[in-house]
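Written out below as structure tokens is the structure these notes cover.
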Amino acid sequence: MSKNHRLREALGSDRLIAAMAAHNPLAARLAEAAGFDAIWGSGFELSASHALPDASILPMGTHLEMMRAIAARVSVPLIADIDTGFGNAVNVSYVVPQYEAAGASAVVIEDKSFPKDTSLRAGGRQDLVSIAEFCGKVEAAVAARIDPDFRVIARVEALIAGRGRAEAIERGLAYADAGADAILIHSKQKTPDEILAFVAAWPGPVPLVLVPTAYPQLSEADIAALGKVRIVIYGNHAIRAAVGAMRDVFARIRRDGGIREVDALLPCVDEIMRLQGDDHLRELESRFLR
Ligand code: SPV
Ligand code: MG
């Protein structure tokens, strides 16, 4: 079964799958090895890995090529975060086939205006495009896909923008009507109340996707019990893990004046080589090098 088909089946099933953010293929492979069902091609993580804000600063090509590199190195589906679609509905028509050709199994496109500001930033600039304009973008994305199993997920930012539940529901329904295969509903409230109220009110023409970064109390069991959510995305835990680990190790080496103490604490070089696919290279060497 293709990755696209697997993701489509998961969205159409009654179970919850978990996607872990990745900003490079190594992180994606670690996520797959840990048992995640899918990879989230996070714009936030990739921007952060370039030490840049997640505010439409990175060029599309940088994100697209990272998605291609990730998809080539994992066997689970990749859900690509294409922000606002890098322009208007016409741009979306050109963007979506490129992400599909790069190996993504889905795109998530959000209803903010371009250039976007990152959703979880306190006091961020959260301007939304009109419902009509965004429906045009969703329709363009759906019309542009080549494989019918490729998923188009519309992301509602009405709660992030402080517009309230009624508008969030109105937007979600309009986007589902425009052909979105699922609705990602995002919230930055520190408790799950806002999201729980949205999920309870959601009439359910298509399934939901949650990103519980701001309300980590909500477990997968809690989300599965809601019945309407099919994907939980862990939006930035790879980059946060990397930052924490690097910062600690770098500080320790400065403190210790060398690497002797830290060496035993780190994954050994052989393990990194295994993650690089060294076994495959050796096999090729023994078969083909004369
Ligand atoms: C991302 O990971 O890039 C996201 C999720 O879009 S968030 O950063 O929470 O907006
Ligand atoms: Mg993003």
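Just so you know, ligand 1 is whichever comes first in the structure, and atom 1 is the first atom listed for that ligand.
The G235 neighbourhood of ligand 1 comprises atoms 2 (O), with distances under 4.0 Å to a heavy atom of that residue. Set against the non-hydrogen atoms of S119, the atoms of ligand 1 under 4.0 Å away are 10 (O). Every atom of ligand 1 with a heavy atom of G43 under 4.0 Å away is listed here by number and element: 3 (O). Counting atoms of ligand 1 from 1 in the listed order, those under 4.0 Å from a heavy atom of L120 are 9 (O).
Side chain of H63 to backbone of G41: a donor-acceptor contact under 3.5 angstrom is found. Judged by distance alone, with hydrogens and angles left aside, the side-chain atoms of D278 form no donor-acceptor pair with the main-chain N or O of M273 at under 3.5 Å. Looking at N91, its side chain does come within 3.5 Å of a backbone N or O of N88 through a donor-acceptor pair. R230 contributes no side-chain N or O that, together with a main-chain N or O of A10, makes up a donor-acceptor pair within less than 3.5 Å. In this structure, the side chain of E100 does not engage the main chain of F150 through any donor-acceptor pair within 3.5 Å. Put simply, the side chain of E167 never gets that close to the backbone of G162: no donor and acceptor are under 3.5 Å apart.
No heavy atom of N236 sits closer than 4.0 Å to any atom of ligand 1. Within the 4.0 Å heavy-atom cutoff, R155 counts among the residues contacting ligand 1.
When the N, O or S atoms of D81 are ranked by distance to the Mg ion (ligand 2), OD2 comes first.
Proximity annotation for atom 3 (O) of ligand 1: of W40, F44, Y234, F44 comes nearest, heavy atoms only.
Residue D81 has at least one nitrogen or oxygen atom sitting less than 3.5 Å from a nitrogen or oxygen atom of ligand 1, judged on distance alone.
With a 4.0 Å heavy-atom cut-off, ligand 1 is reached by the side chain of H186 but not by its N, CA, C or O.
The protein heavy-atom contact nearest to atom 2 (O) of ligand 1 is S42 OG, 2.6 Å.
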Item to complete: Determine, step by step, whether Q126 and K112 satisfy the side chain to side chain contact (heavy atoms under 4.5 Å, CB included) criterion, reporting the C-alpha distance in whole Å, the side-chain angles of both residues, the deciding distance to 0.1 Å, and the verdict.
Response: CA-CA 7 Å; Q126 306 298 340; K112 290 219 284 263; 3.0 Å; yes
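Donor-acceptor pairing under 3.5 Å is recorded for the side chains of S119 and R155.
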